[in-house]
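Read the structure below first, then the notes.
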Amino acid sequence: MSTPPTGEGLRHPWLLVARREVATKLADRTFLIGTLLTLALILAFVVVQAVWSERTQTYDVAATASAAPMAVAVADQAPTLDDGLRVTVVPAADDAAAEAALLDEEADAWLTTREGSWVLVARDEVPRELEAVTASVVRDTVLAENASAAGTSVDALTVGTTLATDVLVGNADQRAFAQGMAFALAFLFYLASIVFGTTLANSVVEEKQSRIVEIIATKIPVRQLLAGKVAGNTAIAVAQMALYAAIGLIGLRFTPYASFLPSVGGALGWFLVFFLVGFLLIACLWAVAGALASRTEDVQSTATPVTMLLLAIFFGSMFLDGTAQTVLSYVPPASAVLMPQRILDGSALWWEPFVALAILVAAAGVVVLVAERLYRRSLLQTQGTLSMRQAWSAPE
């Protein structure tokens, strides 16, 4: 026999509904497996990054006696030019022996000269990192020889010829890291909104289709049912995102990006706040999509506007920049993703997140009121799929 509702549950029916939504989700095998798989993917990505950063690639380069000095120079300077690259020189008696070593895969490349120019030969494809290092060493070595023959020095010949790069705002590597984080956060928002939203909409229409909701509506107000469903799904979605973020941050400490973590900690906190309010808004729309449908098969059509909205936010987060990104970072619900992205890349002033959050909260409040009316008036209508206009004017 089930435990009767507590006094608190009777005073606040939405709490009972929220607890039921959370308990159902935590007992859902598919949800648990999906969460574990996502965590595994995050950890796998972090491990791959850590291993790749520590990876050292070794190449065997064949060279005849005439090319040996240049090959030795490449081997000596390779670790300096690329700390993940090592070169070993493989002596070859002649060109035929070097070519045979390549074909027999006893060497990865063959360094030789043809018509006065240096050539790096491979069996089927020249490794790009080896090509880059070899080209740099050959250029510097030949330039030094030519300068000596001309009675001057390399420094005198190359003065003023180097090009450096710089940025006026922030750090280039940190900006690239922030862009990667921004994409990950946008994807997580999209994924959570789709997964939890679809589940919420299907839960609503299943209760409606089975007429269980008619029994529930005699015990608690429909608005309390909506509040409980939205609150329960929002709570578990935020908890899941916080878990993903925590695991990701812990894992990144073991990668070359560890030095950038202090600069993104605040942005991640803002993301969770914006995610909470933004998901609350989106969850209300999903609940309405479920209430408008009369069968599970109808949810796909009633939820199309919500799905298209989420896709627009996701792709906007990837492609928008400049003025468009700045303006839309204040427009709900896109601000739930775009403002945290601007905080990550350092383009948002200190006061902007507060203004954007206030607008998002106000918009969420309006959406909750509108969704409550649509939900309440369409939930008990079972004659077929309703439009929003029909739901808005339907009798209670």
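Connection of Leu309 to Leu320 is not established within any shared hydrophobic cluster, with ILVMFWY side chains joined at heavy-atom distances below 4.5 Å, either directly or through further cluster members. Note: the hydrophobic cluster containing Val273 does not contain Leu338 (ILVMFWY, side chain heavy atoms under 4.5 Å, direct or indirect links).
Between the side chain of Asn202 and the main chain of Thr198, a donor-acceptor pair closer than 3.5 Å is present. Under a 3.5 Å cut-off, the side chain of Ser317 and the backbone N or O of Phe314 do form a donor-acceptor pair. Using a distance-only test at 3.5 Å, with no hydrogens or angles considered, no donor-acceptor pair links the side chain of Glu131 to the main chain of Val126. Listed for the Asp94 side chain is a donor-acceptor partner under 3.5 Å among the backbone atoms of Ala96. With Gln77 contributing its side chain and Val137 its backbone, the two residues share no donor-acceptor pair below 3.5 Å.
Applying the side-chain contact (heavy atoms from CB on, under 4.5 Å) criterion to Arg20, with sequence neighbours excluded, gives Thr24, Glu207, Lys229. Partners of Leu369 under the side-chain contact (heavy atoms from CB on, under 4.5 Å) rule, at least two apart in sequence or in another chain, do not exist in this structure. With sequence neighbours excluded, no residue forms a ring-ring contact (aromatic ring centres under 6.0 Å, His included) with Trp118. Listed by chain and number, the residues in a side-chain contact (heavy atoms from CB on, under 4.5 Å) with Phe354 are Trp270, Trp350 (sequence neighbours excluded).
Between Phe315 and Phe319, the ring planes lie parallel to each other; the angle is under 30°, not in the 30° to 60° tilted range. Phe187 and Phe183 have parallel rings, their planes meeting at less than 30° on a 0 to 90° scale where 60° marks the start of perpendicular.
The heavy-atom pair separating Val299 from Ala201 by the smallest distance is CG1-CB, 3.9 Å. Taking all atoms of both residues into account, the shortest heavy-atom contact from Ala267 to Leu344 is CB-CD2, 3.5 Å. Summarising the geometry of Leu360 relative to Pro333, their closest heavy-atom pair is CD1-CA, 4.2 Å, with the distance given to 0.1 Å.
Each of Thr234, Thr199, Asn233 was scored for a side-chain hydrogen bond (donor to acceptor under 3.5 Å, both in side chains) with Glu21, with one residue passing: Asn233.
For residues 346-370, the pairs satisfying salt bridge (Lys or Arg N to Asp or Glu O under 4.0 Å) are Arg342-Glu352, with sequence neighbours left out. For residues 185-201, there are no salt bridge (Lys or Arg N to Asp or Glu O under 4.0 Å) pairs, not counting sequence neighbours.
The number of heavy atoms from other shown groups lying within 6.0 Å of CD (Gln300) does not exceed 12.
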